[in-house]
Amino acid sequence: MSKAFQAKGSTTVADASGFQAHLSRAGLLSAGPDASDAPGRPKSLQELQALTILSGHDFADEVARFFHLRHAGLAELLNAGSLADRFSHRFLREAKIFAYTASDGRACVAVGDPTDTATLRAATIVLGNALEVTVASFDDIETVLRARLEEKGAPAQADDEVTGRVGDDIDSLRDLASGAPVVRAVNDLLETAIELGATDIHIEPFRTTLNVRMRVDGVLRTMPALTLVLPQALVSRIKILAGLNIAERRLPQDGAARLSVARTQVDARVATMPTQHGESVVIRLLPKDRGLLDIVRLGMSTTDREQLTNLLALPHGMIVVTGPTGSGKTTTLATMLTSLNDSTRKILTVEDPVEYEIHGINQSQVKPEIGLTFAAAMRSFLRHDPDVIMVGEVRDGETAHISIHAALTGHLVLTTLHTETAAAAIPRLIDLGVEPFLLRSTLRGVIAQRLVRMLCGRCRRERQLTADDLAADPRYAALGFADGETLYAPGGCDHCSGTGYRGRVGVFEVITISDPVRKLVEAGSDSVAIEQAARRQGMTSMLDDGVAKCRAGITSPTELLRVVALR
């Protein structure tokens, strides 16, 4: 061991004072009454760290240099063989040391304060005189102790009374979540997501790993594993940002946060779910840049865009947007509201959750736990003299009835349904209990949509279809492609991260309720008959819209068939 640790206590105190004087000479002590204390007044190094301008990692570097010891980083400690079971867990936590085996088999002990000779003598008694002393930051020692002690199945406060265990554990978790390694890991995750244009971050704990995936252009992409932070601390940090209860780990929670990431303002929606090996977290990212909320930028064909513009010009009635989760319905609704938003209209919305905040529009979020449901909000809305009402989703018969009656009494109502096609929305509303004659009088139009990935403009390549291609995949012929036709296929470059795709665009079908369709609605006809009537009136299906985008080089047939089913 270093000779400083073989000396008497007084010599060690002088070492602590000498280190304080060294920091003062180097200008590393922060200004303040405590910082100007005489060097002869000894402090523990942890107290001294609080008076410096250094991060925990940099402070440990200074300690290691001054005492001629090696600095052991968090990665080394996490990957090393643990000798923690040779000590009392309470001793390790209170002394802030971690005993481990080096790669060459030597016994080592990582300390944050090498001037604590009593602790080092105790470690020498247990591990022997050949013990090597290394320096680590106090945060890193706490992190590795928590990881290794919980790994062994030890409770967070193994020697404490049961009544004090939970509170101490939560306090420790909160401290860990506020530590520099965890804060940096969460910030890096968010910055990476913004750079990639991800819409969601999925954090999934398993027995031995913590998986992180990001949904980029609608497809999940696996990210490098996080090895230097505890899963519990990472989840707790995200919970703190979203205003959730970090002590509740048994029930799902939902929260929201407004974040500034890489000079970009984003709204984040956070959902947690308890799983077998911890809590799974999904963070949905909604950039504050609302330049997207323009009908032209949705990707509609000229015909569909004109139909939508005509529908929004109507004074009253119901317009429904359909599609599965993640198909862009909320963005389409927000775009429609933006185009309607002016000083002459009162617009009210009820959503779950409020994903796009639009200035000038009164937006409410449902809270079923206190009775604020879609139906309850709609009943209240009608007393606020609105011109336009947006209902985030029609989920039950009561909400459907109130929405229909709101449209019948002179309001323009926008809402969404989960159906596969535009025509299927009509039987679905009837199935929810809406009378066909009321639907005939109020429904003005239905928009169905999906999102397809766009080919990267820098690396897409032309591809001429051959008879072999058509024979190998009959779906090409079903889409209307012919032998010798030129299409485009994904390539792969740095701009698109090698995927061949960058960004997404919608494929749409718009049904305007004309007289032939209206008669079928009142008769309660099925979706097939309604779709056939709409096609005769000039409706373009999602497949037709997607095929046109394939021929224009916007997307590829493979991508279109991944998202839209043949019918």
Side-chain angles (χ1 to χ4, degrees), residues 304 307-308 310-312 314-325 327 329-330 332-333 336 349-352 366 373-379 381-382 388-450 508-543 564-565 567:
D304 287 346
Q307 290 188 73
L308 177 57
N310 292 336
L311 288 171
L312 294 176
L314 295 173
H316 52 78
M318 176 184 277
I319 302 171
V320 178
V321 182
T322 76
T325 301
S327 61
K329 300 187 301 296
T330 302
T332 299
L333 278 179
M336 294 161 67
T349 77
V350 55
E351 307 168 60
D352 184 22
V366 298
T373 61
F374 282 116
M378 283 292 293
R379 283 193 295 270
F381 279 2
L382 298 179
V388 180
I389 298 173
M390 192 272 271
V391 186
E393 183 184 346
V394 172
R395 297 177 178 173
D396 51 58
E398 185 180 11
T399 307
H401 274 285
I402 298 173
S403 300
I404 288 290
H405 283 284
L408 196 62
T409 53
H411 305 89
L412 183 62
V413 178
L414 313 178
T415 190
T416 71
L417 274 175
H418 285 179
T419 61
E420 185 176 351
T421 65
I426 294 167
R428 173 60 179 152
L429 287 169
I430 294 173
D431 183 56
L432 286 172
V434 177
E435 296 290 345
F437 75 90
L438 287 176
L439 198 56
R440 173 187 183 277
S441 302
T442 56
L443 189 62
R444 296 291 180 261
V446 184
I447 303 163
Q449 68 179 82
R450 300 290 189 277
F508 300 88
E509 60 187 32
V510 181
I511 293 180
T512 301
I513 309 301
S514 58
D515 286 338
V517 175
R518 193 171 285 113
K519 290 177 183 178
L520 293 173
V521 172
E522 188 168 8
S525 299
D526 62 18
S527 61
V528 175
I530 293 170
E531 182 170 328
Q532 290 172 348
R535 282 179 174 272
R536 289 193 292 271
Q537 298 298 311
M539 183 197 84
T540 302
S541 72
M542 285 185 287
L543 270 176
V564 183
R567 63 178 193 269

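- Within the structure, every pair that satisfies the salt bridge (charged side-chain N to carboxylate O under 4.0 Å, His left out) test and touches residues 425-446, not counting sequence neighbours, is listed here: Arg428-Asp431, Arg440-Glu522.
- Every side chain to side chain contact (heavy atoms under 4.5 Å, CB included) that Ala407 has, sequence neighbours left out, goes to Met318, Val413, Thr442.
- Shortest non-hydrogen contact noted between Ala400 and Val434 is CB-CG2, 3.8 Å.
- Contact detail for Arg518 and Ile513: the closest heavy-atom pair is NH2-O, 2.7 Å.
- In this structure, the side chain to side chain contact (heavy atoms under 4.5 Å, CB included) partners of Pro427, at least two apart in sequence or on a different chain, are Ser527, Ile530.
- In this structure, Leu311 CG and Leu414 CG are separated by 10.0 Å, a value rounded to the nearest 0.5 Å.
- Within the structure, the salt bridge (charged side-chain N to carboxylate O under 4.0 Å, His left out) test picks out no pair touching residues 411-427 (sequence neighbours left out).
- Annotation: salt bridge (charged side-chain N to carboxylate O under 4.0 Å, His left out) contacts involving residues 403-412, sequence neighbours excluded, are absent.
- Remark: Asp352 engages Arg395 in a salt bridge (Lys or Arg N to Asp or Glu O under 4.0 Å) (not counting sequence neighbours).
- With contacts defined as side-chain heavy-atom distances shorter than 4.5 Å, the pair Val510/Ile447 qualifies.
- Applying the side chain to side chain donor-acceptor pair (under 3.5 Å) test to Thr512 and every residue at least two apart in sequence or in another chain returns Gln307.
- A distance of 5.0 Å separates CE in Met390 from CG in Leu333, rounded to the nearest 0.5 Å.
- By the side chain to side chain donor-acceptor pair (under 3.5 Å) test, Glu531 is found to be paired with Arg567, residues two or more places apart in sequence or in another chain being considered.
- Taking CG of Asp304 as the reference point, atom CD1 of Ile511 lies at 11.0 Å (rounded to 0.5 Å).
- Remark: Asp526 engages Val528, Ala529 in a side chain to side chain contact (heavy atoms under 4.5 Å, CB included) (not counting sequence neighbours).
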Apply side chain to side chain contact (heavy atoms under 4.5 Å, CB included) to the pair Phe508 and Leu308, showing each step before the final yes or no. CA-CA 11 Å; Phe508 300 88; Leu308 177 57; over 6 Å; no

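- To the nearest 0.5 Å, the span separating CG on Leu408 from CG on Leu439 amounts to 11.0 Å.
- Remark: side-chain polar atoms of Glu509 are paired, donor with acceptor, to backbone N or O of Ala422 under 3.5 angstrom.
- Closest non-hydrogen pair, Val350 versus Phe374, comes out as O-CE2, 3.3 Å.
- Residues in residues 397-407 take part in these side chain to side chain donor-acceptor pair (under 3.5 Å) pairs, two or more places apart or across chains: Arg379-Glu398, Asp396-Thr399.
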Do Ile319 and Leu412 pass the side chain to side chain contact (heavy atoms under 4.5 Å, CB included) test, and can you show the C-alpha distance, the side-chain angles, and the key distance before you say yes or no? CA-CA 8 Å; Ile319 302 171; Leu412 183 62; 4.2 Å; yes

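- Contact annotation: the side chain of Ser514 approaches that of Val517 to within less than 4.5 Å [non-hydrogen atoms, C-beta and beyond].
- Looking at Ile389 and Leu382, their side chains come closer than 4.5 Å, going by heavy atoms from C-beta outward.
- Listed here is the closest heavy atom pair of Ile402 and Ala375: CD1-O, 3.5 Å.
- The shortest side-chain heavy-atom distance between Pro516 and Gln537 falls under the 4.5 Å cut-off.
- Here Thr416 pairs with nothing under the side chain to side chain donor-acceptor pair (under 3.5 Å) rule; sequence neighbours left out.
- In terms of heavy-atom proximity, Lys329 sits nearest to Pro324 at NZ-O, 3.0 Å.
- Of all heavy-atom pairs spanning Thr415 and Val391, the tightest one is OG1-O, 2.9 Å.
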